[in-house]
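What follows is a set of notes on a single structure, which appears directly below.
Below, chains carry the letters A, B, ... as their sequence lines are ordered, and counting in each starts from 1.
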There are 2 protein chains.
Amino acid sequence: MDSPEITRGERGGSQTTRAVMQLREMLFSGEIPPGTRLSELALVERLGMSRTPVRTALTMLAEEGLVQAIGTGGFSARSFSERDVNDAIELRGTLEGLAARFAAERGISTIAGQMLGDLLARLDEVVTAPTLDADVMEQYIELNARFHREIIRLAESRVVERQIERVMALPFASPSAFVMAQSRCEDARNVLVISQDQHRAVVEAIIGREGTRAEALMREHSRVARRNLGQAVRSREALEQVPGGKLIQFDRYGEE
Amino acid sequence: MDSPEITRGERGGSQTTRAVMQLREMLFSGEIPPGTRLSELALVERLGMSRTPVRTALTMLAEEGLVQAIGTGGFSARSFSERDVNDAIELRGTLEGLAARFAAERGISTIAGQMLGDLLARLDEVVTAPTLDADVMEQYIELNARFHREIIRLAESRVVERQIERVMALPFASPSAFVMAQSRCEDARNVLVISQDQHRAVVEAIIGREGTRAEALMREHSRVARRNLGQAVRSREALEQVPGGKLIQFDRYGEE
DNA sequence: GGGAACTTTAATGTATACATAAAGGAAGGA
DNA sequence: TCCTTCCTTTATGTATACATTAAAGTTCCC
C-alpha cells in the first residue's frame with residue numbers, strides 16, 4: 001500500500017490504456033455524442049485494436065461515470081444535465097471541505113505549511129498579472145490544481161482522496177473547469193481575487209487548526225467555480241472552454 | 001436515463017456476475033486475506049470459469065475499492081486500517097448530510113413525507129421492543145437501511161446518489177455496519193434510541209426545509225455508527241459481526 | 001560471498017473463435 | 001391495419017490460444 005493508487009488503465013503503454021484515453025477524449029470532444037450507444041465492433045474499428053481492451057476500457061469508464069452499462073448488454077455514453085454539473089461541483093466542494101477539515105484537525109508539518117505558502121505566493125503573482133491572457137490563465141489553472149491536490153493530500157486520508165478522484169473523473173467537476181470560461185466575463189479578475197483570498201484563508205484555517213472554518217471556506221470556494229455557470233452552460237462558445245462541456249446537455253435540466 | 005443504475009455485474013446470471021459476487025464474499029469472509037495477491041489462474045480454478053469474467057470482475061472490484069491494481073500487472077486484496085474505517089464512515093455521513101440538505105432545499109412531496117413518517121413509526125416499534133434479540137436487530141437494520149436509502153433518493157441528485165453508492169461498496173461504511181456489534185454493548189438500547197431520535201429530527205428538518213440542520217443531523221447520525229468502534233475493531237468477536245470486518249487490519253492504524 | 005547478467009518459467013495482456021442473447025424484420029392471423 | 005409470433009441477423013459474453021512481460025532461478029565474475 002505504499003505506491004500511489006494505480007488503475008489498470010495507467011499501466012504502461014498498453015492497449016487498454018490507449019483505449020481508455022482515446023475513449024475519454026472522444027467522449028469529451030463530442031465525437032461520441034452523449035446518449036449514444038457504444039458498439040464494441042465499431043470502436044474496435046475506430047481504435048484499431050481487438051475487443052478485449054475495448055471492453056476493459058468501457059468497464060473502467062463506466063465506473064468513472066462517463067459511460068453507462070445497459071441492462072441488456074453494452075454501454076452508452078452518458079449525458080449530464082445542468083443539475084448534474086451543479087451537484088458535481090457542490091459534491092467536490094463538500095469533499096474538499098472534508099479534506100480541509102481533516103488537514104486542520106490532524107495538523108500539518110511546518111514544511112507543508114511553507115509549501116502552501118510558496119504556492120500562495122505564486123498564485124498571487126498570477127492573479128496580479130497586468131493582463132489575464134491565455135498564458136496567465138493556464139498558469140493559474142496549473143497552480144490552482146496543485147493547490148487543491150495538496151490540500152487533499154494533507155488530509156492524510158486515502159478514503160477521502162480516492163473519493164475525490166472519483167468525482168473529478170467528471171472533468172467539469174474539477175477545480176479549474178470553469179476558469180477559462182469565466183476568464184471571458186467582465187468580472188474575471190474579481191473572481192480570481194476572491195478565489196485567491198479563499199485559498200489564503202483556507203491555509204490560515206488549516207495552520208490554525210480551525211477545522212470548521214477550513215471546511216466552510218473550502219466549500220464556499222468550490223462555489224466560486226460556479227459563478228456564471230448558468231450562462232456558461234448555455235453559451236456554446238463558453239461551453240467550448242469547459243472541460244467535458246460536450247457531455248452536458250442543458251436541455252435536460254431537472255430531468256431525472 | 002430512466003432505469004436504475006445498472007452495473008455490468010448486475011446483469012442477469014452471467015459468469016461475470018458470479019465472479020464479482022463470489023470474489024466479494026471471499027474478500028469479506030477473509031478467505032482471501034487482505035494484502036494477498038490475486039492470481040487469475042488460481043481464481044479461475046476456484047471459481048470454475050474462464051479468465052475473462054474473472055478479469056472483468058477484478059477490474060470492477062478494483063473500482064469498488066476492494067482490490068487494488070498492481071503497477072506491474074494483476075491485483076491484490078486491499079486492507080483497511082482503523083483510520084480508513086473511521087474516514088469511510090465520516091465520508092458517508094458527509095455525503096448523506098449533503099443528500100439530506102439537498103432534500104430539504106429542494107423540498108419533498110406530501111406523499112414522501114408520509115412515507116418517511118411510516119418508516120419512523122416502524123422504526124419506533126423496533127426500537128421499543130422488549131428485548132433486542134437478533135430478530136429485532138435484523139428488523140432494525142433493514143428499516144434503517146431503508147431510511148437511509150429514502151433520504152438519498154429524496155435528494156434527487158444522481159451524482160450524489162452514485163457517489164454514496166461508491167462509498168457503501170465498503171461494507172463497514174454502511175449505515176448499519178456496526179449495529180450488530182453494538183447490540184452486544186450494554187448501552188445498545190441507548191444507541192438505538194439516540195439514532196432514532198436523530199432519524200426523526202432529520203425528517204423534521206427536511207420537511208421544514210432546514211437544510212443546514214438536516215445536514216448537520218445526518219452527519220452526526222453517522223457518528224453514532226462509530227460508537228464503540230474502537231473496541232469493536234479490536235475485539236475479534238465483535239469484528240465478526242461487522243460486515244467486511246475481515247478487510248480491516250487494526251494493526252495498520254495510522255499507517256499510510 | 002555478493003552482485004550482475006542471463007535464462008527460464010509463470011503470469012498477465014491481447015487476439016480470436018465459439019456460444020449465447022438480444023434486436024430487428026417478416027409473415028400470418030385477427 | 002395492427003399485433004403477435006417466429007426466424008434471422010447482429011451484438012455481446014465467454015472460452016481459449018497466442019504474445020508479451022514480469023518474476024524467479026541459475027550462472028558467472030569480481
For B/R146, give me all partners under side chain to side chain donor-acceptor pair (under 3.5 Å), at least two apart in sequence or on another chain.
none

Nucleotide of D/dT12, C/dT14, D/dA15 approaching A/S14 most closely (side-chain heavy atoms):
C/dT14

By nearest atom, which of the nucleotides D/dG13, C/dA11, C/dT14 is closest to the A/T52 side chain?
C/dT14

Residues in side chain to side chain donor-acceptor pair (under 3.5 Å) with B/E90, at least two apart?
A/R101, B/R223, B/R226

OP1 or OP2 of D/dT14 sitting under 4.0 Å from any side-chain N/O of B/T16?
yes

Can you see whether A/S14 engages A/T17 through a side-chain donor-acceptor pair at a distance of less than 3.5 angstrom?
yes

Heavy-atom donor-acceptor pair, B/S39 side-chain to C/dA11 base, under 3.5 Å:
no

Pairs under 3.5 Å (N/O, protein and nucleotides 18-25 of chain C):
| residue | atom | partner | partner atom | Å |
| --- | --- | --- | --- | --- |
| C/dA23 | OP1 | A/T72 | OG1 | 3.0 |

With the side chain of A/E40 defined as its heavy atoms from C-beta on, choose the nearest nucleotide among C/dT16, C/dG13, D/dG13.
D/dG13

C/dA15 C1' sits how many Å from A/L41 CG, rounded?
14 Å

Using the side-chain heavy atoms of A/Q15, tell me which of these nucleotides is nearest: C/dT12, D/dT12, C/dT14.
C/dT14

Regarding A/L43, tell me which of base, sugar-phosphate or nothing describes its non-hydrogen contacts under 4.0 Å with the strands shown.
nothing

Do B/L47 and B/Q22 come close enough that some side-chain heavy atom pair is under 4.5 Å?
yes

Testing the basics here: between A/G65 and A/R78, what is the closest heavy-atom pair and its distance to 0.1 Å?
O-NH1, 3.2 Å

B/R18 atom CZ is separated from D/dG13 atom P, nearest whole Å, by 17 Å

Nucleotide C/dA15, atom C1' - distance to CZ of B/R55 in whole Å:
12 Å

Are any of the side-chain heavy atoms of B/V167 and B/R92 separated by less than 4.5 Å?
yes

